[in-house]
Amino acid sequence: MPTVYDPASVEQRIYAFWEQSGYFKAGHHPERPGFSIVMPPPNVTGFLHLGHAWDNTLQDAIIRYKRLAGHDALFLPGTDHAGIATQARVEKALMEEEGVSRHELGREKFLERVWDWKRKYAHEITNQIRALGSSCDWSRERFTMDEGLSRAVRKVFVDLYNKGLIYRGNRIINWCPRCATALSDIEVEHVDVEAKLYHVSYPLVDGSGSVTVATTRPETMFADVAVAVHPEDERYKDMVGKRLRLPLTDKEIPVIADEYVDQEFGTGCVKITPAHDPNDFEVGLRHHLEMPQCIDADGRLNAMAGLFQGMSREEGRAAVVKALEEQGFLKDAETLNHAVGHCSRCDTVVEPFLSDQWFVRMEPLAKPALDAVSRKELRFVPERFEKVFLHWLENVRDWCISRQLWWGHRIPAWYCDECQGITVSMQDPTECQHCHSAQIHQDEDVLDTWFSSGLWPFSTMGWPDETPDMARFYPTNALVTGYDILFFWVARMVFTGLEFTGKMPFHEVVVHGLIRASDGRKMSKSLGNGVDPREVIEKYGADALRFTLATGTSPGNDQRFYWEKVESSRNFINKIWNASRFVLMNLPDGVDLPPLDADNLDVSDRWILHRLNETIEVATNHLERYDFGEAGRVLYDFAWDDFCDWYIEFSKLALYGDDEVRKAQTRAVLVHVLDSLLRLLHPFIPFVTEEIWQSLPIPGEALIVAEWPKVNPQWHAPHAVRQANVLMETIRAVRNIRSELNVAPSKPVAMFVRVADEDTAALFNQTKHYLTRFCHLQSLTIGQAVDVPKQAMSAVVTNAEVFLPLADLVDIRVELERLEKEVARLQSEVDRVEKKLGNPQFVQKAPADVVEAERAKAVDYKAKLAAVQERISALRG
RNA sequence: GCGGCUGUAGCUCAGAGGGAGAGCACCACCUUGACACGGUGGGGGCCACAGGUUCGAUUCCUGUCAGCCGCACCA
């Protein structure tokens, strides 16, 4: 075994071993409880980023833990077609590489190209997931546009349509002129921008005056159909019903009254443009106004804008303002900060646009979801995300699901050229279901990607068929995802799950944060500050990346990526590797490990076994609560501090000694603790733990399918823990003295221990060999009354005082200073504890065990203090 | 406007109603038979601020300040 662990030479081999052995496959153990997670399907737009790696690491850690803990665990992988994103990527590549647009290519040819792209990237993505070590069941891999999943999509569409929960309507939606498609509300990002609020004068037709409207969008004025004022606004009461001339045109529009108008804002007069503003649209409906459009789908002004035809919205605005100003209609332009919707995909300003689209009626679907969440049928980890989730569901509006794209699930609706009727059905129809005409054509549009993603937990299991997987693994247990797609995805799975399966699609939602660059900013392509997980894995190994991502954070919070963190994870893995090397090097070939024998274990053995028990218990509890940070920390500390720094060092005495029974027992303890530790760490760092475990002389075919360690009450040993603590305290005290006096660690010294009682004497006598080795002693004298040379350094430990007579090196003055500092420290501890105990309220009200602990501290500190003080007076003598 | 998160060592972050922690960085020493991706020892913090609850608050509550993030149709 090399002294440095080389992940590159191990990981692929181990992964292939697992995969070929079928360990990832769920369903082998019908007798065990099932446990399932469906992977949030990465988009086939490109390579995975660190966010995916984080998400995947947490899921795989859960799955591996559950598998070890005796579950028939399913981790179901897959990818998402990501309609708009993928189409945009392919279009861009096509344009850059071949100078061809999708329209030039045609729908069918274009889709072939997208499928090529999909195949390539889905392959890359699954390879990346493998490289991360994710133990997913590849035999169940799915893609949102698979035949089966498409059938689920179709069924849901048809059923919702038949229930009246999907409808087609001419309504105002968010339109991205650049993507040339409708967007749902959540695909729009509202960004605060500084704009101008223009005050424009609209003259009365009768010449008796004018009203001044306030608008940020003068370029839409050609589609104005009214000016609204508040019905109770005294200023404009007389105006209601009168007619205005629309500047720059020869159109006449009425003044209407509507409560939507805010009297305080602007001038109190609002121009009403139903086709280009969602609020105006509502006003238009209420007042039965016409809804002309002056901006087309390409985001340019149309013929209605007269001279301004063909201009973009920005050009049009500038030109219109200029014209208004020149003709004296512009009264004012105040600065206004307001939120403007931008396309979350391409950042283009979204145009509220009136068009025929398909919608899902949300209220009847959101209601059951709200009720179920309120009844705690869905638990969020951490809990706070529940509130965010509920708030969104409570305020959700109808969901626009049609997209003017080619890549996606084509809407299963056919229009009749004769009767205009709509036919929606599971099977492609050959005739109109209303008039039976054969002159029908299918809707050109596709469905929002999230429409299919929303079915993921059950469509992947074979729904709508009643498959064995549906019976066994649905509902799934946990859903792990970033808080950024709570609304996009989680909410939709919840209400479709409830509507179509009658069940919550998962019991728990484990929410994690975002991974950020080291300066705290989001990683993004445009900033170029993204880190490629492949690079991290190449340099440090997948285990190091996983450990980094899974630990050092608290649930639900963001994390910054630092190479130093990965390095420290790598170092930890290397530490485990070398500790294992040590254990293996000390196992002669073919050695038989005896069972642990309580009669032949010494203090250090009992101590480490006790600590192992504690670690198993605490780590398991943390994992059960999905608290990976804490579980990882506990394991790290146990592995490094307790096992490596202390136990391995202790074990060397027996291993290098000649007591064969002790030697055998020590080996057995080393192997047992290492074995347990590897199991505990496996969910975090699966590769290195499996690699080592394969070399250990213990039964079992693979760590990945071994058993999770259990607390063994037999090794509960609080007394040994107290003994070991005194031993380590003493060793540290001596090291400290040596270090302060610059005594080389290798230089042998004499040591005197003055103990307080027989028990302590026994304790020191039992651990004599450890003290001698760890403190490099040439002699050791233990007794209740030992003669101590004056020229000695001393240290007080629990129930004992140790002296190192370093005559030539001891400077009494310096030593006194050191002791005085110690007195001060101890005195402040004593004061603090005494103050507490002196407070009758404390003694009365605090829990008995707390009071007891404080009393014990008082005794200990006082004894130590007295000893140090005595030592000082002796030195001063 | 409503909601949430964060504020702890130089940096990045854990933590918990009862003695301030880790990693990295820093200082000193150590090539000790697993490991220099290591070992030993050490320095460094009014736990943002102000109130309140409590026997006891860095931890719980309220407010303030600072940073961040969601949601919201203010033309």
Side-chain angles (χ1 to χ4, degrees), chain A residues 1 3-5 172 186 190 197-198 213-217 228 260-262 264-273 277-282 336 338-339 341 352 382 384-385 387-388 391-392 395 397 483-484 486-487 513-514 518 520 540 544 551-554 556-562 564-565 567-586 629-630 632-633 636-637 644-645 648-649 652 655-656 731-732 735-740 742-746 773 776 828-829 832-833 835-836 839-847 850-851 853-854 857 861:
Chain A
M1 274 173 101
T3 65
V4 170
Y5 173 63
I172 200 144
I186 45 178
H190 292 276
L197 182 67
Y198 299 100
V213 302
T215 180
T216 53
R217 300 207 56 197
Y260 146 69
V261 180
D262 177 357
E264 308 294 317
F265 189 88
T267 60
C269 296
V270 188
K271 69 187 204 57
I272 299 299
T273 324
D277 182 281
N279 294 307
D280 294 5
F281 177 73
E282 297 297 327
L336 176 76
H338 69 153
R384 67 182 134 93
F385 289 103
K387 208 173 166 181
V388 189
H391 180 259
W392 187 79
N395 297 293
R397 299 191 304 166
Y483 59 70
D484 52 330
L486 236 36
F487 307 144
L514 267 38
S518 57
Y540 293 96
T551 63
T553 52
S554 44
N557 287 349
D558 292 351
Q559 117 165 256
R560 298 188 194 197
F561 180 85
Y562 273 88
E564 291 90 328
K565 266 200 258 187
E567 204 168 301
S568 115
S569 301
R570 188 272 317 263
N571 293 350
F572 174 59
I573 288 157
N574 198 236
K575 188 74 179 175
I576 299 295
W577 176 255
N578 276 291
S580 308
R581 278 183 65 226
F582 173 81
V583 173
L584 292 167
M585 283 166 62
N586 283 288
E630 279 299 280
R633 187 184 58 77
Y636 183 99
D637 291 347
C644 293
D645 285 349
I648 285 185
E649 294 306 325
K652 287 175 182 173
L655 293 177
Y656 302 152
I731 292 168
R732 278 195 211 100
R735 283 173 177 168
N736 180 303
I737 291 172
R738 296 185 83 116
S739 172
E740 286 200 15
N742 272 319
V743 179
S746 50
R773 179 183 169 99
H776 291 94
S828 78
E829 296 287 1
R832 190 176 47 74
V833 177
K835 193 178 152 203
K836 260 190 196 183
N839 181 351
Q841 301 268 43
F842 172 74
V843 181
Q844 214 172 23
K845 296 190 178 174
V850 171
V851 177
E854 292 297 317
K857 280 184 215 167
Y861 284 134

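Note on naming: letters A, B, ... go to the chains in the order of the sequence lines (proteins, then strands), and numbering restarts at 1 for each one.
- Within the 4.0 Å cut-off from OP1 or OP2 of B/rC29, not a single side-chain nitrogen or oxygen of A/S739 is found.
- Here the separation of B/rA25 from B/rG3, taken at their C1' atoms, is 39 Å to the nearest Å.
- In this structure, the CD atom of A/E264 is 16 Å from the P atom of B/rG1, given to the nearest Å.
- Heavy atoms of A/N839 sit under 4.0 angstrom from primed sugar atoms or phosphate atoms, though from no base atom.
- As judged by a 4.0 angstrom heavy-atom cut-off over every strand, A/E854 is placed among residues touching the sugar-phosphate backbone only.
- When all heavy atoms of A/G266 and A/A214 are compared, the closest pair comes out as CA-CB, 4.0 Å.
- Using a 4.5 Å heavy-atom cutoff, the side chains of A/E854 and A/F842 are in contact.
- Residue A/S554 is the one, among A/P847 and A/S554, whose nearest nucleotide of RNA chain B lies closer to the 5' end (criterion: closest heavy atom).
- Of all nucleotides present, only B/rU62 satisfies the Watson-Crick or G-U wobble test against B/rA50, with each distance under 3.5 Å.
- B/rC2 and B/rC73 have their C1' atoms separated by 15 Å, with the value rounded to a whole Å.
- Rounded to the nearest Å, the gap between the P atom of B/rG1 and that of B/rU64 is 12 Å.
- Note that the CG atom of A/N586 and the OH atom of A/Y656 stand 5.0 Å from one another [nearest 0.5 Å].
- Base contact: A/F265 has a heavy atom under 4.0 Å from a base atom.
- The pairing partner recorded for B/rC73 is none, the criterion being a Watson-Crick or G-U wobble arrangement whose two distances lie under 3.5 angstrom.
- OP1 or OP2 of B/rU12 lies within a sub-4.0 Å distance of a side-chain N or O belonging to A/R560.
- When the P atom is compared between B/rA9 and B/rA22, the two are found 13 Å apart, to the nearest whole Å.
- Here A/K271 lies out of heavy-atom contact (under 4.0 Å) with every strand.
- Both thresholds, 5.5 Å between centres and 30° between ring planes, are not jointly met by A/W577 relative to the base of B/rA34, so the two rings are not stacked.
- Nucleotide B/rA22 has B/rU12 as its partner under the Watson-Crick or G-U criteria, with both atom distances under 3.5 Å.
- Of the candidates B/rU6, B/rC35, B/rG70, the closest approach to any side-chain atom of A/N557 belongs to B/rU6.
- Between A/E649 atom CD and B/rC30 atom C1' there is a gap of 13 Å when expressed in whole angstrom units.
- Nucleotide B/rC5 forms a pair with B/rG67, judged by Watson-Crick or G-U wobble geometry with both contacts under 3.5 Å.
- Side-chain contact between A/R581 and A/T3 is present, with at least one heavy-atom pair separated by less than 4.5 Å.
- Remark: the A/S554 side chain and the A/N557 side chain contain an N/O donor-acceptor pair separated by less than 3.5 Å.
- Computed from coordinates, the A/N279 CG to B/rA75 P distance equals 9 Å when rounded to whole Å.
- Within the structure, a side-chain polar atom (N or O) of A/Y656 is placed less than 4.0 Å from OP1 or OP2 of B/rA34.
- Using a 4.0 Å heavy-atom criterion, one finds that A/D645 contacts the sugar-phosphate atoms exclusively.
- Taking side-chain N and O atoms only, A/N578 has no distance below 4.0 Å to OP1 or OP2 of B/rG38.
- Checking the phosphate oxygens (OP1, OP2) of B/rG39, a side-chain nitrogen or oxygen of A/K575 falls inside 4.0 Å.
- Across all strands shown, A/Q559 has no heavy atoms under 4.0 Å from either base or sugar-phosphate atoms.
- On a pure distance criterion of 3.5 Å, no polar donor-acceptor pair joins the side chain of A/R581 and the base of B/rC35.
- Summarising the base pairing, B/rC37 is matched to no nucleotide, lacking a Watson-Crick or G-U wobble pair whose two defining distances lie under 3.5 Å.
- No contact: A/D637 has no heavy atom under 4.0 Å from any strand.
- A distance of about 8 Å separates the C1' atoms of B/rA20 and B/rC47, rounded to the whole Å.
- The side chain of A/N736 contributes an N or O atom lying less than 4.0 Å from OP1 or OP2 of B/rG42.
- Between A/A579 and A/K857, the residue anchored nearer the 5' end of RNA chain B, judged by the nucleotide with its closest heavy atom, is A/K857.
- Residue A/R732 is classed as a sugar-phosphate contact, given heavy-atom separations below 4.0 Å to backbone atoms only.
- Nearest nucleotide to the side chain of A/E630, out of B/rG18, B/rG33, B/rA14: B/rA14.
- Remark: A/K652 is in phosphate contact with B/rA34, judged by side-chain N or O atoms under 4.0 Å from OP1 or OP2.
- Taking side-chain N and O atoms only, A/K836 has no distance below 4.0 Å to OP1 or OP2 of B/rG56.
- Distances shown here put every side-chain N or O of A/H391 at or beyond 4.0 Å from the OP1 or OP2 atom of B/rC2.
- Nucleotides B/rC60 and B/rG17 have their P atoms positioned 8 Å apart, rounded to a whole Å.
- At a threshold of 4.0 angstrom between heavy atoms, the contacts of A/C644 include nucleobase atoms, whether or not backbone atoms are also involved.
- Only the C1' atoms considered, B/rA36 is 50 Å distant from B/rA50, to the nearest whole Å.
- In this structure, A/W577 and A/Y5 have tilted ring planes: the angle between them lies in the 30° to 60° band.
- Among the protein residues, A/F487 comes within range of the sugar-phosphate backbone only, with heavy atoms under 4.0 Å from sugar or phosphate atoms but none that close to a base.
- Straight-line distance between the P atoms of B/rU40 and B/rG56: roughly 41 Å, to the nearest whole Å.
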